[in-house]
Amino acid sequence: MQQKRNKCGDHIPAFLCPESGTCFDSLIPSCGHFHLRPLQLDTDVPFIHEWVNKPYAVYWQLQNSTVEKVRNMYSELIRTEHIQPFMGFYNDRPAFLVEFYWAFKDRIGEYYDVQTGDYGFHILMAPAETPVRHFTWNVFTVLMDFMFSEEKVERLIVEPDARNEKIHLLNKRAGFEYHHLINLPEKTAHLAFCTREQYNSALERERQLQSAGTI
């Protein structure tokens, strides 16, 4: 990981500060090279606009959005202190979008006993031109490795739409423990958490399954 000085102060991790320019590189030998950098409106919004209007992105809730609406939304997110969107690349091609947030300052903190070390993320994949085996899982591990590399991050939180079965399987595979349903203004969501220990245990399970040839 390449980090610059956190210009937003020590109260939040550098990856939530757009002025820090924090980036992250990860090479997965069995898959390829992944790279994360803060979102750049002029460069990235056309890709995001295309992705959010695809049928599979229905849970992102931006169907039939204009380029202007998408740009305005992400321009506002970039200016929000506790949220930072990143663009993710696979072998130098745009491949996914992720929004990192600090739960302690987010609206989600109104729905449970939030802790200062709780951080969450939302992820949107690009359309797959050529399917890559275990690709979404590898993206997921890159994001979690990135977040857990910051000592301020003690626990990860996700709040996926209750109807999104695919993401529930992925979350649980990564070690997230599901707690209860919450009613957000735009969706009914599951609330789930994952500590470093749970994530490391999940990775160990994956290694064992790979060694046994079952995945």
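Any value given below was found using the heavy atoms of this structure, including those in side chains, with hydrogens, waters and symmetry copies removed.
Every residue meeting the ring-ring contact (aromatic ring centres under 6.0 Å, His included) condition with Tyr178, not counting sequence neighbours, appears here in chain and number order: His168, His190. Every residue two or more places apart in sequence or in another chain was checked for a salt bridge (charged side-chain N to carboxylate O under 4.0 Å, His left out) with Asp106, and none qualifies.
Here the side chain of Tyr90 pairs no donor or acceptor atom with the backbone of Val139 at under 3.5 angstrom. Although no hydrogens or angles enter the test, the distance criterion places no donor-acceptor pair under 3.5 Å between the side chain of Trp137 and the main chain of Ala174. With Gln63 contributing its side chain and Lys54 its backbone, the two residues share a donor-acceptor pair below 3.5 Å. Between the side chain of Ser65 and the backbone N or O of Leu62, at least one donor-acceptor pair lies under 3.5 Å. In terms of modelled atom types and a separation under 3.5 Å, the side chain of Gln115 and the main chain of Asp113 share a donor-acceptor contact. Formation of a donor-acceptor pair under 3.5 Å by the His35 side chain with backbone atoms of Asp92 is not found in this model. Side chain of Glu154 to backbone of Asp118: no donor-acceptor contact under 3.5 angstrom is found.
The distance between the ring centers of Phe135 and Phe34 falls below 6.0 angstrom. The ring of Tyr112 has its center closer than 6.0 angstrom to the ring center of Phe193. A centroid separation of 6.0 Å or more is found between the aromatic rings of Phe86 and Phe24. Ring centroids of Phe121 and Phe140 are separated by less than 6.0 Å, placing the two rings close together.
The side-chain heavy atoms of Phe148 and Asn200, taken from C-beta on, include no pair separated by under 4.5 Å. Between Phe89 and His33 there is no side-chain heavy-atom pair separated by less than 4.5 Å.
In Arg207, the CZ atom is crowded: over 12 heavy atoms of neighbouring residues, nucleotides or ligands sit closer than 6.0 Å. Sparse packing is recorded around CZ of Phe104, with 12 or fewer heavy atoms of other residues, nucleotides or ligands lying under 6.0 Å away. The number of heavy atoms from other shown groups lying within 6.0 Å of NZ (Lys187) is above 12.
Annotation: the span from Asp145 atom CG to Leu203 atom CG amounts to 6.5 Å, rounded to 0.5 Å. Considering CG of Leu124 and CZ of Phe96, their distance stands at 11.0 Å, rounded to 0.5 Å. Within the model, atoms OH of Tyr101 and CG of Leu77 stand 12.5 Å from one another, a figure rounded to the nearest 0.5 Å.
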